[in-house]
Amino acid sequence: NNATSGAVILFSSLGNNAGATNNTVKNCNIIGGATSGGYGISIGGATAGTAGADNDNITITNNNIGKTNIGIYAFASTTANATDNLFISNNVIGNDVDANSVGNIGINMSYCNNSNILNNVIKNLKVGTTPKGIFLSTGVTNTAVDRNNINKIWYTGTSGYGGWGININTGNTASNITVKNNIIYDIMGDGWNSITGSSMSGIVLDGTTGGINIYHNTVNLSGNYSRSATATITTSLFVNSSVTNLDIRNNIFTNSMVNTGNTGAKAYAIYSSAANTAFTNINYNDYFASGTQGVLGYIGSDRTNLAGIQAGFGQNVNSINIDPVYSSATDLTPT
């Protein structure tokens, strides 16, 4: 019944080369004390939510995790004592009933190496200013995020924030992370005038991160929200200015969100603050932005059509399949 801290299951390292190893959590209902605090599973130090060394070869599969603030937390403190070979598959993280769901982050990882996050459902996260389905933070390397369903990630307050489906910020220019075959939808908040200020986004690539492959994902942002004081922006994919070495192919990025309180808002399918040199390959993606605030993309400036996208990304774009942008939901004349 702890509503503020603690973990239902705690993997606790005793130090370097003395981690909890070769363990499996399978077929369990893991229920914490409240969505506002605590962890379903904490892999780290002696206290839940702290880093620990060499907790290796852990499998978490086919569990239901709910009524806690963070579903699965896996943190080490350095590359040398990273959490190696973490396998997270076929779990349901969250619950359709708000009070029994996961509050802020579904899966939160730092200094994890050679991990697989496979075929999980992460849903109905509504606690905190920037709830996130999956957060790969400092030191995560050689990891695959594959076939996950991430939905209903909402900021529910009125202070200018939004949900993020997947956030990658490793601080490593050669991360070797592949995000593929995931579906992300129902991302909501009241929005802000920048994604780094935590406005709504499906996939956020941030910091000095590189070596990221984004393949065969579907991101669909839709729905009305209201923030009258701010010309908000939202985007299916966001690339920050220091991100490098990206391979982005065969994805579907759509955005039809509308800020009903401010007509200056914009809904982007793709938004890149990085130059086109950040992309080793960007090819065969479908971009769709609709509604009165839809803008196809941003790189250096707004790009409203395929020619503008190609000019922005330069020689790194070989071919893009693109749906037209419509001026309204009922007007099917391409603009």
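Since the model is a prediction, treat every value here as computed from it, not as a measurement.
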Testing Ile60, Thr61, Asn91 for side chain to side chain contact (heavy atoms under 4.5 Å, CB included) with Asn120, which one passes?
Asn91
So among Thr21, Asn23, Asn22, which one has a side-chain hydrogen bond (donor to acceptor under 3.5 Å, both in side chains) with Asn57?
Asn22
Supply the atom-to-atom distance Tyr73 OH to Phe135 CZ, rounded to the nearest 0.5 angstrom.
10.5 Å
Give the cluster check for Ile233 versus Tyr155: same hydrophobic cluster or not, with ILVMFWY residues linked at side-chain heavy-atom distances below 4.5 Å.
no
Taking atom CD1 of Ile88 and atom CD1 of Ile41, what is their separation to the nearest 0.5 Å?
8.0 Å
Determine whether Val140 and Tyr111 make a side-chain contact, defined as any pair of heavy atoms from C-beta on separated by less than 4.5 Å.
no
Working for side chain to side chain donor-acceptor pair (under 3.5 Å), residues Thr4 and Asn2
CA-CA 6 Å; Thr4 59; Asn2 191 330; 3.2 Å; yes
Residues at least two apart in sequence or cross-chain that pass salt bridge (charged side-chain N to carboxylate O under 4.0 Å, His left out) with Arg249, listed by chain then number, are Asp247
Take atom OH of Tyr225 as the centre, draw a 6.0 Å sphere, and report whether it contains more than 12 heavy atoms from other residues, nucleotides or ligands.
yes
Picking from Asp98, Thr35, Asn95, Ile153, what satisfies side chain to side chain contact (heavy atoms under 4.5 Å, CB included) with Asn124?
Asp98
Taking Asn213 as the fixed residue, which of Thr178, Asn281, Leu246, Asn245 is the one that meets the side chain to side chain contact (heavy atoms under 4.5 Å, CB included) rule?
Thr178
Steps toward side-chain contact (heavy atoms from CB on, under 4.5 Å) verdict (Tyr185, Thr218):
CA-CA 8 Å; Tyr185 61 99; Thr218 297; over 6 Å; no
Transitive ILVMFWY side-chain link Ile43 to Ile9, under 4.5 Å:
yes
